[in-house]
Amino acid sequence: MQSKTTSGAMLEAMREKPPLVHCITNYVAMNIAANVLLASGASPAMVHAAEEAGEFAGIASALTVNIGTLSTQWLDGMRAAAKAAASSGKPWVLDPVAHYATAFRRQAVADLLALKPTIIRGNASEIIALAGGESRGQGVDSRDPVEQAEDSARRLAERQQAIVAVTGAVDFVTDGARAVRIKGGSVLMPQVTALGCSLTCLVGAFAATAPEDLFGTTVAALATFAVAGEDAALGAAGPGSFAWRFLDALAALDGEALDARARVSIA
């Protein structure tokens, strides 16, 4: 497969051949996540039932799993889908939402980590705790800055042999050896529910486009969000007007503009 070497090239490639992204996400995120994928150029499918999730993961180009509104039945579907994705060589992304909050969530994430996600995306508190550290997270909210999670992310990436993305004011991506930071976005983004969950789905879409470069695809997805967030904030009066402007900004962003404006630096 030909390498798509820049974030902009990956975005254009995704739009030329829209990947089918299997999203097992939470009730809060389903609508906005589907709209984010459509605006970006990918094709979303929200399939979580255990009776079909495994079969569907074999059809899709990538899988994303978000445990935000977890239940036993949904967890069964997550496990089935992750097993199928792994066995068919499809990239899959884990979003361990508030995994430290309850024993049920801790066990669920342990089970999913054993199925070897190719990419893990979370906020700083989630990544610190997932690596075995003590975070200040409360519920789904991160109380830790991204920079305090960087060492944890490197350790987690090495342990899981996965790409780890920590998202926040300045994003951080590592495979355990390489690492970069991505600047951009807007202070309004944390005030719009489920944007982080939607980013997980977009990471899956980019991963499907260039599975030979999962580090690069993760950076590309985060850079896309960062640039679109900056554009959406320009005319927004608050989180409500930002939300619809963000979808418009994603749809309007092209590969040339992404490459020109993405602020990615080696960490």
Side-chain angles (χ1 to χ4, degrees), residues 7 25-26 28-29 32-33 36 64 66-68 93-101 109 117 119-157 160 162-176 178-204 206 215 217-233 236 238-239 242-243 246 249-250 258 261-267:
S7 296
T25 192
N26 61 75
V28 179
I32 181 62
V36 161
T64 67
N66 173 300
I67 69 165
V93 188
L94 175 63
D95 189 339
V97 179
H99 65 90
Y100 43 72
V109 164
I119 303 168
I120 301 167
R121 189 216 68 85
N123 64 38
S125 295
E126 290 162 349
I127 297 303
I128 290 170
L130 207 60
E134 292 188 10
S135 78
R136 297 186 296 156
Q138 183 175 8
V140 300
D141 296 325
S142 179
R143 299 293 182 90
D144 299 285
V146 171
E147 55 266 28
Q148 289 190 10
E150 291 184 358
D151 287 343
S152 295
R154 292 178 193 270
R155 292 195 302 272
L156 181 62
Q160 287 291 137
I163 309 299
V164 175
V166 191
T167 54
V170 177
D171 299 331
F172 179 79
V173 179
T174 184
D175 61 3
R178 296 172 293 173
V180 299
R181 299 185 183 96
I182 303 107
K183 295 182 179 179
S186 165
V187 295
L188 291 172
M189 296 178 86
Q191 299 179 47
V192 179
T193 188
L195 275 192
C197 303
S198 302
L199 176 54
T200 295
C201 296
L202 187 62
V203 169
F206 272 91
F215 183 85
T217 62
T218 304
V219 173
L222 272 57
T224 297
F225 244 55
V227 173
E230 288 179 335
D231 288 344
F242 177 87
F246 182 69
L250 281 173
L258 178 58
R261 296 178 54 205
R263 290 186 282 159
V264 180
S265 60
I266 296 173

Taking atom [atom1] of [X] and atom [atom2] of [Y], what is their separation to the nearest 0.5 Å?
| X | Y | atom1 | atom2 | value |
| --- | --- | --- | --- | --- |
| T64 | N66 | OG1 | CG | 7.5 Å |
| L130 | I120 | CG | CD1 | 5.5 Å |
| I128 | D151 | CD1 | CG | 9.5 Å |

side-chain hydrogen bond (donor to acceptor under 3.5 Å, both in side chains) against T174, all qualifying residues, sequence neighbours excluded: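 Partners of T174 by the side-chain hydrogen bond (donor to acceptor under 3.5 Å, both in side chains) criterion come out as none, since no residue qualifies.
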For R155, what residues pass the side-chain hydrogen bond (donor to acceptor under 3.5 Å, both in side chains) criterion, not counting sequence neighbours?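 Partners of R155 by the side-chain hydrogen bond (donor to acceptor under 3.5 Å, both in side chains) criterion, ordered by chain and then number, come out as S152.
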[X] versus [Y]: any side-chain heavy-atom pair under 4.5 Å?
| X | Y | result |
| --- | --- | --- |
| I182 | R263 | no |
| M189 | F242 | yes |
| R261 | D231 | yes |
| I127 | L156 | yes |
| L250 | T224 | yes |
| I32 | T193 | no |

Any donor-acceptor pair under 3.5 Å from E126 side chain to A98 backbone: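 Yes.
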Which heavy atom of [X] sits nearest a heavy atom of [Y], and at what distance?
| X | Y | value |
| --- | --- | --- |
| F246 | A228 | CE1-CB, 3.6 Å |
| S186 | A233 | OG-CB, 3.6 Å |
| L195 | F225 | O-CE2, 3.4 Å |
| C197 | A29 | CB-CB, 3.6 Å |
| A226 | K183 | CB-O, 3.6 Å |
| P117 | Q160 | CD-NE2, 4.1 Å |

What's the verdict on side chain to side chain contact (heavy atoms under 4.5 Å, CB included) for L199 and T167, showing C-alpha distance, side-chain angles and the deciding distance? CA-CA 9 Å; L199 176 54; T167 54; 3.7 Å; yes
Qualifying residues under ring pair (Phe, Tyr, Trp, His ring centres under 6.0 Å), relative to F172, sequence neighbours excluded: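 In terms of ring pair (Phe, Tyr, Trp, His ring centres under 6.0 Å), with neighbours along the sequence ignored, F172 is linked to no residue.
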Steps toward side chain to side chain contact (heavy atoms under 4.5 Å, CB included) verdict (I67, V109): CA-CA 8 Å; I67 69 165; V109 164; 3.5 Å; yes
Checking salt bridge (Lys or Arg N to Asp or Glu O under 4.0 Å) for the pair E150/R181: CA distance, chi angles, key distance, verdict? CA-CA 10 Å; E150 291 184 358; R181 299 185 183 96; 2.8 Å; yes
Kindly determine whether V219 and F206 satisfy side chain to side chain contact (heavy atoms under 4.5 Å, CB included), including the steps that lead there. CA-CA 9 Å; V219 173; F206 272 91; over 6 Å; no
For A165, side chain to side chain contact (heavy atoms under 4.5 Å, CB included) partners two or more places apart: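 With sequence neighbours excluded, A165 shows a side chain to side chain contact (heavy atoms under 4.5 Å, CB included) to R121, V173, T218, L222, given in chain and number order.
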Who are the side chain to side chain contact (heavy atoms under 4.5 Å, CB included) partners of A262, not counting sequence neighbours?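 Expected list: A223, L258, V264.
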Show every salt bridge (Lys or Arg N to Asp or Glu O under 4.0 Å) that has at least one partner inside residues 188-199, sequence neighbours left out.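 Passing the test, one end in residues 188-199: no pairs.
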